[in-house]
S.K.: 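Pasting a structure here, questions to come.
Read the numbers this way: they start at 1 and go in the same order the structure lists the ligands and their atoms. In this text the structure is predicted, and so the values were computed from the model without any measurement.
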Amino acid sequence: MKKDFLSVRDFTSEEIVNTFDLAAAMKADRAKYGEALKGKTLALIFEKPSLRTRVTFDVGIQQLGGFSITLLPSEINLGKRESVYDVAKNLERMVQGIMIRTFAHQIVLDMAKFASIPVINALTDYSHPCQAMADYFTVREVKGRLKGLKLCYVGDGNNVSHSLMFAGARLGVHVTVACPEGHKPKPHAIEHAREDAKQTGGSIEIVHDPVAGVSGADVVYTDVWASMGQESEAEARKKVFLPFQVNGALMSYAKNDAIFMHCLPAHRGEEVTDEVIDSPNSVVFQEAENRLHVQKAIMYQLMK
Ligand code: CP
Ligand code: NVA
């Protein structure tokens, strides 16, 4: 494993699958790993809100015998009160790992470059790799395999869509992104994922017709239409994205046994209806729980 966990693309298919196997072992036998990171501390830097990421990293490090300390913008005011460089040089002498959620992706890259200790990307405007790891771990749990499955991500070509493409490409999944024109994933993200998919038999497709995208899918995935930091665009986006709502009618084009996924938080009645998110095919809370197990496996490999 590398020093940091910044992008799924930094890891081979084998390393990703090994991480899933370790996460499964940790999920099956929590006590066995109860002292795996005994006495180690992880700093959690949050420049955006969080429920799942905060709780799963905090509980996860405790379950491995370690501690966490949460640092909010009101406390460290990253880049303003103190530079990213100075924060990194301080923290590397005090804690054994840094988890960071922020806006600009470059901040996470800089933190990793300056700090001698592991840095974990817990969401930037560009990517959300821990989420994609938990997502495909969940698909593997439910479907028993990954290679050759079709996952359709419906909605905004955002951070979550990027990481789903990167991880899907490494795992031989056929990833389709169904999005409005003008809300595609970043061109270089598509290019990188397509390059990686060639090695595994996976594929990356971008379509603008949600029905075509969802047709024959094993997994239908969506996310909010306006991400954190885009609140001022939320109203305007509602009109553009309405045809991309995941509702019962859209789900009927997927396979009969298709599962529904969402990174959460969900805006019920916008990107997904209650009938879909509360249906028996929805695995959103299993997916949320799996953030815990997969991140424990990531922390263990980086910090042991
Ligand atoms: N999915 C996810 O990262 O949730 P939070 O924003 O609540 O951490
Ligand atoms: N795309 C969303 C994901 C939240 C977990 C956001 O960045 O707000």
S.K.: Looking only at non-hydrogen atoms, which of Asp223, Asn158, Leu264, Leu51 approaches atom 2 (C) of ligand 2 most closely?
M.R.: Asp223

S.K.: Going by the order shown, which atoms of ligand 1 are within less than 4.0 Å of some heavy atom of His128?
M.R.: 2 (C), 3 (O)

S.K.: Considering only heavy atoms, does Arg291 approach ligand 1 within less than 4.0 Å through its side chain, its backbone, both, or neither?
M.R.: side chain

S.K.: Just by distance, no angles: are the side chains of Glu141 and Gln286 close enough, under 3.5 Å, to form a donor-acceptor pair?
M.R.: yes

S.K.: Checking Thr53 against Arg291: is there a side-chain donor and acceptor pair closer than 3.5 Å?
M.R.: yes

S.K.: Using ring centroids (six-membered ring only for Trp), state whether Phe11 and Phe5 fall under 6.0 Å.
M.R.: yes

S.K.: For atom 7 (O) of ligand 1, what is the nearest protein heavy atom, given as residue, atom name and distance?
M.R.: Leu51 N, 2.6 Å

S.K.: Establish, for the pair Lys48 and Phe103, whether the NZ or CZ atom is under 6.0 angstrom from the six-membered ring centre and no further than 45 degrees off its axis.
M.R.: yes

S.K.: Of all the non-hydrogen atoms in the protein, which one sits nearest to atom 4 (O) of ligand 1, and at what distance?
M.R.: Arg52 NE, 2.8 Å

S.K.: Checking side chain to side chain donor-acceptor pair (under 3.5 Å) against Asp218, which of Lys143, Lys150, His174, Lys255 comes through?
M.R.: Lys255

S.K.: Under 4.0 Å from a heavy atom of Ser50: give me the atoms of ligand 1 that qualify, with their elements.
M.R.: 5 (P), 6 (O), 7 (O), 8 (O)

S.K.: Do any nitrogen or oxygen atoms of Arg101 lie less than 3.5 angstrom from nitrogen or oxygen atoms of ligand 2?
M.R.: no

S.K.: In ligand 2, which numbered atoms sit nearer than 4.0 Å to a non-hydrogen atom of Met228?
M.R.: 4 (C), 6 (C), 7 (O), 8 (O)

S.K.: Starting from atom 7 (O) of ligand 2, what is the nearest protein heavy atom, named by residue and atom, and what distance separates them?
M.R.: Asn159 ND2, 2.8 Å

S.K.: Would you check if the distance from the ring center of Phe241 to the ring center of His183 is below 6.0 Å?
M.R.: yes

S.K.: So for ligand 1, is Cys263 a polar contact partner (N or O within less than 3.5 Å, distance only)?
M.R.: yes

S.K.: Report the residue from Asp223, Thr124, Asp125 that forms a side chain to side chain contact (heavy atoms under 4.5 Å, CB included) with Asn159.
M.R.: Asp223

S.K.: Hey, looking at atom 4 (C) of ligand 2, which of Asp156, Leu123, Thr53 has the closest heavy atom?
M.R.: Leu123

S.K.: Given 3.5 Å as the limit, does a donor-acceptor pair link the side chain of Thr273 with the main chain of Gly269, or not?
M.R.: no

S.K.: Below 3.5 Å, N or O to N or O, backbone or side chain included: is there any such pair between Leu123 and ligand 1?
M.R.: no

S.K.: What is the nearest protein non-hydrogen atom to atom 6 (O) of ligand 1, stated with its residue, atom name and distance?
M.R.: Arg101 NH1, 2.8 Å

S.K.: Please report whether the ring centroid of His262 lies less than 6.0 Å from that of Tyr221.
M.R.: no

